[in-house]
Structures are given as structure tokens and as C-alpha cells.
Amino acid sequence: MIIFDQVSKKFPDGSIGLEEITLEIPDKDFVFLIGKSGAGKSTILKLINKELNFSSGEIKVNNFNLSKLKRSKVSKLRRDIGMVFQDFKLLNDRTVAENVAIALQVIGEKDSKIRQQVMETLDMVGIADKAKHFPSQLSGGEVQRTSIARAIIAKPSILLADEPTGDLDPGNSDLIIDLLENINKELGTTVIVATHDVPIVDKRQRRVIHLEKGKILSDKNKGKYGKD
Amino acid sequence: MAKIKTTARYIRRSPYQALAAFVVMAATFFISGLFVLVAVGSNEVIKYFEARPQISAFFKDTAQNDQILALQKTITDTNLTSEVKFISKEDALKIYQDQNKNDPLLLELVTANILPASLDISTYNATDLEKISEILVKEEIIDEVVYQKDVVEKLTNWTRILRFGGVALVAFLTTVSVLIVFMVIGMRIAIRREEIKIMRLIGASNWYIKAPFIFEGILYGVVGALISSLVITMLVLYFSPEIAPFFTGIPIFPIPISVFLLLIGGQSLAGALIGTIGAQISLRRYLRI
């Protein structure tokens, strides 16, 4: 469960990221955050992952109250959240398998378990045959799948995806969203996708939270990109 | 185990920085180790001289037994002495023979008659040597008074200078070592900044991020200390036969093996501490953890 209560975010340069946002995302939900660039989509994801601190209000993520969360406990929060970054954030000097394995290494899993789970996860996201490739040897879709594999391998209860279809062609974009829906359905993971990809959102008929200038414009189940 | 593997990977990827750190650490510990050995050695020398009779008063051949006993009592009654020992002519000959047992020619030339009897006197405080000496020189039966105040004082002064100089040099080199570890770890952090950022974002704890850098710092310190300790041990053992004759009678050589073990253990511990401090400062400065 994710709860935003009157949350505002003001950046050091004075610009407003979010303005008194209130929303609730129950467990196992699948949500699209839509809006133009600068609407506040990525800010919401970064606040959930504690990459940013909010200026006022209250955020609760599962059992964590983020306004009271100590710096030393942030790693515990992040272990319950998988993040697919807009710029992937893969390590170019490590193979696909090694990139994915990092998420388990940081929580102290044993090597044997890591090897087994990496292959299972790569198989699930459809790139098991690329395990020994480096990111520079992959296509855009494969890089994104690697990023998703790393985000879900530790079985987090929440998966945040920031523009996961940003640089992909429509075909690959569909496959990535299919994969995220599958993760939501099969693993029961709460999935929040920030996107401005109109066809993807319109086609899926999922909960859509429309943001504009840091405020919620609409929040609808089975919504479309602002035209429903 | 994973953290140690990460440390090994960091070192493998930029081995020259690691080599520089090992060399500086080894040099620091080599110089520090030598100073420690010299300081311990000079302490032993001072102890040896302090433990020996501090004043020897030689009697004229005309001195009678009752006069000698009276003088011995006078000195003892001052309550300034820890020991007043009479050395007869025969005792003096035994001592002479013992000191020159390897030179038969010298032994043949000397008999008990030509050696003077003496009183060997030790005081509780070096400052009382002067008072005792003044009593002795006034005595008719005393031929000569010899005391080692100057020797001990000079040795003490030299040891003090050596200690201060050594401590200052070791402090300077330790600071340089900490700075070298700080810089090498700082460079590693700069190279790995993106990787560290990603690890943090996917839930790595502070310890998970810090551990490989701290292990690396400890490794520099311990390996540097071990190299220097082993080199010092080999050098001292190799040159012992050449140096030992200068310290005849002083119980320094052969140096017990426990001294070398203490040196290796102590330097390794100090190395681990210096490595940890250097790495920790770097982590605080560059990662704020």
C-alpha cells in the first residue's frame, strides 16, 4: 500500500514538483502515471523510492513512514521496491547476468541461489540467451528487459517503472508493458508506470492518474490518456 | 566473501595505485620498525649501565682491612646507596681474567698484586653519585674514584633525542600513509561513483558499499607492514654477527624471536588501523557514509 497525503515537493531552485498530492495505491494495483514532461510523474516515483525528500505532507510505503525514515533504514525500504530507471542505470562493464545479480548481492544472498535465480528471472523476461552479453551488445528492448529483470529478481512488493518504453518502437513497447502486466498478475507486484506513451495507456484500460504541473488532474480506473 | 571479491576486483582494475599504496606503507613501517628496534635496544643499553655499579672507588695498597670496613660502613650509613660491595684484589683478578679469557698474553702479565681492591657502589638516584664521590675522594686510603654518571647521562640524552626524532618521523610518515590510502580509496570511489549510486538505489546498505573500500585500506596497511617486518627481520638477523661485538657484555644479541613476532604483530595491527582510518576518512569525505 502506498499513501500520499497532501504531499508537496519544492525543488531548491524554487520550482514546484508536486503540490498537495493525495493518492492511495493498494497492493497488487497496476497504475499508469501520465502527463507532460515536468508534470511530476518521475517525482512521485523518486519520492516513493526515497531518491528525493518531500517538502510537506506524509508518505507511507508499506510499513514505512517516509517522513520518519532514518537514512540508515532507506536501504531496507528500497529492498522492497524494484525500480526500472528511465536511463536504465546498468553497469556497462558487467554482463547481463552480473547486472541482474547485483540486486541479490546487495541483500547478501548466497552465490548458488543468485546463479539459479538470475537464470530464472532472465528466462522470465525472455533474455536468458543474452546472460553473458554486455549492455553495449544489446538492443534497446533487451536493455530494458535487463533493467526489469534486475528490478524484480529480489521479488519486491512494488515495481516502479520510469518511462520504460521511452526509447522503444511500438512493438517492443507493447512487449515491455505485457511483461510488466505479467509481473503484476503472476507475482502480485504493485506496478506503477510513469509514461507519456499514449497508445500504450489507451490500449491497456488500467488505472490512470493524470498529472499536470504537479497536481492530479484526474484519477480513473480503466482510464485513457486524458480523453476518457 | 562477496565483499572481499569486490575488493580484489577493485585492486585488479587499477593495480598501479594499489602498488603505490603498498610501497608507501612498506616504507613507513620499515622506518618505524627500525626506530622501534633502535629505541628498544638503547633502553636495554641504558638499563645495563644503570644496573652496573655506578661508582668504583679504588684503594691504595696501604689500605688496611679495618679502614676499608669503616669506610664501607660510612657509605652504607648515608642511606643513599642500594649496594656497597667490596672487591678484593683476588676478586679483581677473577673479573680481569673473565674479561680477557681470550687473550692469554694479557692473562700472563697480570697478578692479583698489581690490581687494586675497590668498593663498587650503586645509588638509588643518579643525583646522589656526586655526594658519595665527595665523601670518597676525601679519604686517605682512596687512590681513585671512577663513576659512570656521564656515560648514563649521555646515553639517556641521546635516547631521548632519538625517541623524539623517531616519534616525529613516524608520526609524519603515518600521516603520509593515511593520506595515501585516503587518496587511493578516493580515486576508487570517483571511478565507481555511478556503480555506488546504482547500488544505493537498489537497496545496498551503507556497510555493503563501505566494506570493500575498508578491506582495501586494511589490505594496504597489513601487506605493507608484513613486507617491512620481514625485511627488517632478515636484515637484523643477517647483520647481527657484525653488530654484536660492539655490544659485548650487554644482553641485546641474539635478539629473541619473540621481539620479531611482536614487531610483525604490532606493525600488522597498526597497518590495519592506518588502512581503516584512511579508507574511513575517504568514505566520509566522498560518500558521506
Side-chain angles (χ1 to χ4, degrees), chain A residues 42 45-46 48-52 61 64 70-94 98-115 135 146-160 162, chain B residues 1-19 21 183-219 276-277 279-289:
Chain A
S42 297
L45 299 187
K46 286 177 179 173
I48 294 171
N49 199 30
K50 200 88 170 101
E51 224 180 307
L52 290 176
V61 177
F64 297 97
K70 289 179 184 169
R71 271 185 74 179
S72 58
K73 302 284 179 196
V74 171
S75 60
K76 283 195 174 168
L77 164 79
R78 288 178 178 164
R79 287 174 189 188
D80 209 18
I81 298 172
M83 181 94 186
V84 180
F85 300 95
Q86 198 168 356
D87 55 355
F88 313 121
K89 293 201 190 301
L90 296 180
L91 297 168
N92 291 323
D93 60 347
R94 308 236 187 138
E98 286 168 343
N99 264 289
V100 175
I102 288 175
L104 290 180
Q105 285 166 352
V106 301
I107 58 173
E109 284 291 357
K110 286 181 183 169
D111 284 354
S112 55
K113 192 180 175 188
I114 291 174
R115 272 195 294 276
T146 307
S147 180
I148 292 170
R150 187 185 59 193
I152 63 168
I153 192 169
K155 298 190 171 50
S157 67
I158 298 166
L159 177 62
L160 309 175
D162 195 358
Chain B
M1 195 62 195
K3 295 174 187 76
I4 291 170
K5 278 185 191 169
T6 310
T7 305
R9 196 175 62 240
Y10 287 173
I11 292 174
R12 235 181 7 250
R13 288 188 182 173
S14 39
Y16 294 111
Q17 291 166 2
L19 186 67
M183 272 165 28
V184 170
I185 301 291
M187 280 190 268
R188 297 246 190 266
I189 291 171
I191 294 167
R192 305 265 147 228
R193 190 167 285 282
E194 188 60 21
E195 182 179 334
I196 292 166
K197 188 181 170 190
I198 292 170
M199 283 180 174
R200 274 180 162 172
L201 286 173
I202 62 177
S205 64
N206 281 346
W207 172 243
Y208 184 88
I209 291 166
K210 279 163 71 167
F213 296 112
I214 290 181
F215 289 160
E216 190 176 343
I218 291 174
L219 191 74
T276 307
I277 292 170
Q280 190 61 50
I281 294 172
S282 205
L283 286 162
R284 274 190 180 278
R285 170 75 180 79
Y286 295 113
L287 291 180
R288 299 183 194 289
I289 54 176

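Bear in mind that the values here come from a model prediction, so they are computed numbers and not experimental data. Labels below follow one simple rule: chain letters A, B, ... track the order of the sequence lines, proteins then strands, and each chain is numbered from 1. Only this structure's heavy atoms are used, side chains among them; waters, hydrogens and symmetry mates stay out.
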Partners of B:Glu194 by salt bridge (charged side-chain N to carboxylate O under 4.0 Å, His left out), sequence neighbours excluded? none
Between A:Arg150 and B:Ile202, does the side-chain contact (heavy atoms from CB on, under 4.5 Å) criterion hold? Intermediate values first, please. CA-CA 9 Å; A:Arg150 187 185 59 193; B:Ile202 62 177; 4.2 Å; yes
B:Gly203 backbone acceptor or donor facing A:Arg79 side chain under 3.5 Å: yes
With no hydrogens and no angle check, is any side-chain donor or acceptor of A:Arg78 less than 3.5 Å from a backbone partner on B:Arg200?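 Flag set: sc A:Arg78 to bb B:Arg200 pair under 3.5 Å.
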List the steps and the verdict of side-chain contact (heavy atoms from CB on, under 4.5 Å) for A:Ile102 and B:Ile198. CA-CA 10 Å; A:Ile102 288 175; B:Ile198 292 170; 5.7 Å; no
Can you establish whether the number of heavy atoms outside A:Lys89 located under 6.0 Å from its atom NZ is more than 12?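 Atom NZ in A:Lys89 is packed in, count exceeds 12.
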Are side-chain heavy atoms of B:Met199 and A:Gln105 found at a separation under 4.5 Å? no
For B:Ala204 and A:Ser75, work out which heavy atoms get closest and say how close.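 Nearest heavy atoms, B:Ala204 then A:Ser75: O-CB, 3.5 Å.
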B:Leu201 portion near chain A, given a 4.5 angstrom heavy-atom threshold: both
